[in-house]
Protein chains: 2
Amino acid sequence: MTRKQWELTAGEWAIIQAVWDNEPCAAPTIQEALEKKIGWSYSTVKTMMDRMVGKGLLRTQRIRNLILYSSSITKKEAQSGEIMRAMRRAFDGALTPMMQFMLDSKSLTEDELGQLEAMIKNKKDKTKGGK
Amino acid sequence: MTRKQWELTAGEWAIIQAVWDNEPCAAPTIQEALEKKIGWSYSTVKTMMDRMVGKGLLRTQRIRNLILYSSSITKKEAQSGEIMRAMRRAFDGALTPMMQFMLDSKSLTEDELGQLEAMIKNKKDKTKGGK
DNA sequence: GAGCTTACTCTACAAGTGTAGAGACAGTCA
DNA sequence: TGACTGTCTCTACACTTGTAGAGTAAGCTC
């Protein structure tokens with residue numbers, strides 16, 4: 001299905017996160033949600049949201065005079081897009097070096113390392129067994 | 001030292017990669033290097049490079065009538081910035097969930113999984129012993 | 001010293017992003 | 001029915017990014 005790769009801007013991330021938490025919801029809801037965090041005015045939020053509809057990131061449904069927004073991409077898709085961008089730009093599109101870099105440069109607790117190790121083991125089993 | 005966090009655009013990545021490969025070097029060198037890949041004209045390249053100097057991504061050194069450019073950030077810094085951006089935006093700034101997501105959603109060969117496992121073991125030893 | 005080559009400077013423009021004011025419109029309540 | 005409130009529409013502007021043409025300046029060659 002060759003899914004489209006999404007690259008959201010910082011502002012779009014702020015908005016879509018609020019949408020995921022509230023959908024379906026009207027623009028004022030989002031504005032209120034973001035008010036505290038980033039203090040955008042209603043116009044700002046509404047403008048961005050409508051642009052995001054144009055891009056296919058959100059979709060709308062009109063109920064009388066109210067416009068309800070929902071996301072049209074999932075959080076996973078957006079997260080994946082974000083990772084792909086980093087991977088493509090900074091690591092020639094290769095995952096392993098990127099993960100190695102992350103392991104290498106960040107301070108992970110022993111606990112976290114353990115968790116990751118477990119995940120890998122799990123994954124390995126599946127790779128071997130499955131298929 | 002609270003290093004500045006760099007967020008390069010796609011174009012800036014293209015250029016700085018070429019600079020890393022050739023520095024110190026003049027703008028035409030970079031243009032030639034990128035010609036094949038992305039076909040930018042000299043003006044385009046030069047404009048971007050000068051803007052990057054303004055931002056502190058590159059620096060210059062004038063030798064008579066020639067301007068030599070070098071990077072003022074390392075590849076590691078740029079890579080790290082790219083990862084931080086993804087992490088901040090898409091994973092609330094948390095590394096482990098991001099790594100889990102990567103492990104989970106991508107197809108890694110058994111080999112790659114093995115490599116990662118080894119790295120983690122290594123890291124774990126250091127975490128434990130090293131203090 | 002006229003022309004060629006090489007590199008540089010200046011200027012510009014379109015698209016995208018962040019930002020928001022002003023005004024219109026509909027529903028509600030006194 | 002007039003004021004108020006909530007929501008929407010329109011319009012606009014500054015800044016960034018990608019993109020590049022046109023013109024200038026310096027050095028080299030015959």
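As a basis for the values below, the full set of heavy atoms in this structure was taken, side chains included, without hydrogen atoms, waters or symmetry mates.
As rounded to whole Å, 16 Å separates atom P of C:dT17 from atom CE of A:Met49. One can place CG of A:Leu57 at 13 Å from P of C:dG16, the figure rounded to the nearest angstrom. C:dT17 atom P lies 10 Å from atom CD of A:Glu7, rounded to whole Å. Atom P of nucleotide D:dT17 and atom CE of B:Met52 are separated by 11 Å, given to the nearest angstrom. Counting to the nearest Å, the P atom of D:dT16 and the CD1 atom of B:Ile15 are 17 Å from each other. As rounded to whole Å, 13 Å separates atom P of D:dG6 from atom OH of A:Tyr42. One atom, CG of B:Asp50, and another, C1' of D:dT17, lie 15 Å apart when rounded to the nearest Å.
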Report each atom pair, protein N/O against N/O of nucleotides 11-14 of chain C, whose distance is under 3.5 angstrom.
none

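Of the listed nucleotides (D:dT19, C:dT9, C:dT19), D:dT19 has the atom at the smallest distance from the side chain of B:Met48.
Between B:Leu58 and B:Glu23 the shortest side-chain heavy-atom distance does not fall below 4.5 Å. Side-chain contact between A:Phe101 and B:Ile83 is present, with at least one heavy-atom pair separated by less than 4.5 Å. A:Lys121 is listed as a side-chain neighbour of B:Glu117, based on a closest heavy-atom distance under 4.5 Å. A:Gln79 is not listed as a side-chain neighbour of A:Glu82, based on a closest heavy-atom distance of 4.5 Å or more. At least one side-chain heavy atom of A:Thr47 sits less than 4.5 Å from a side-chain heavy atom of A:Arg51. The shortest distance between side-chain heavy atoms of A:Val45 and A:Glu35 does not fall below 4.5 Å. Annotation: side chain of A:Ile30 is in contact with side chain of A:Met49 (closest heavy-atom distance under 4.5 Å). The closest side-chain heavy-atom distance from A:Ile73 to A:Ile16 is below 4.5 Å.
Contacts of residues 59-67 of chain A with DNA chain D (heavy atom under 4.0 Å): A:Arg62, A:Asn65, A:Leu66, A:Ile67. DNA chain D lies under 4.0 Å from at least one heavy atom of each of the following residues of residues 19-41 of chain B: B:Trp40, B:Ser41.
The side chain of B:Lys46 contributes no N or O atom lying less than 4.0 Å from OP1 or OP2 of C:dA7. The phosphate of C:dT17 (OP1 or OP2) has a side-chain N or O of A:Lys55 nearer than 4.0 angstrom.
In terms of position along DNA chain C, the nucleotide closest to B:Tyr69 lies nearer the 5' end than the nucleotide closest to the other residue of the pair A:Val45 and B:Tyr69.
Here B:Thr9 lies in heavy-atom contact (under 4.0 Å) with sugar-phosphate atoms only.
Looking at B:Thr60, its side chain never comes within 3.5 Å of a backbone N or O of B:Tyr69 through a donor-acceptor pair. The closest donor-acceptor contact from the side chain of A:Asp104 to the backbone of A:Gln100 lies at 3.5 Å or more, if one exists at all.
Clustering ILVMFWY residues whenever any of their side-chain heavy atoms sit less than 4.5 angstrom apart, transitively, puts B:Leu116 in the very cluster that holds A:Met119. Both B:Met98 and B:Met84 belong to a single network of hydrophobic side chains, linked directly or stepwise wherever heavy atoms of I, L, V, M, F, W or Y lie under 4.5 Å apart.
Residue-to-nucleotide contacts include a donor-acceptor pair under 3.5 Å from the side chain of B:Ser43 to the base of D:dG21.
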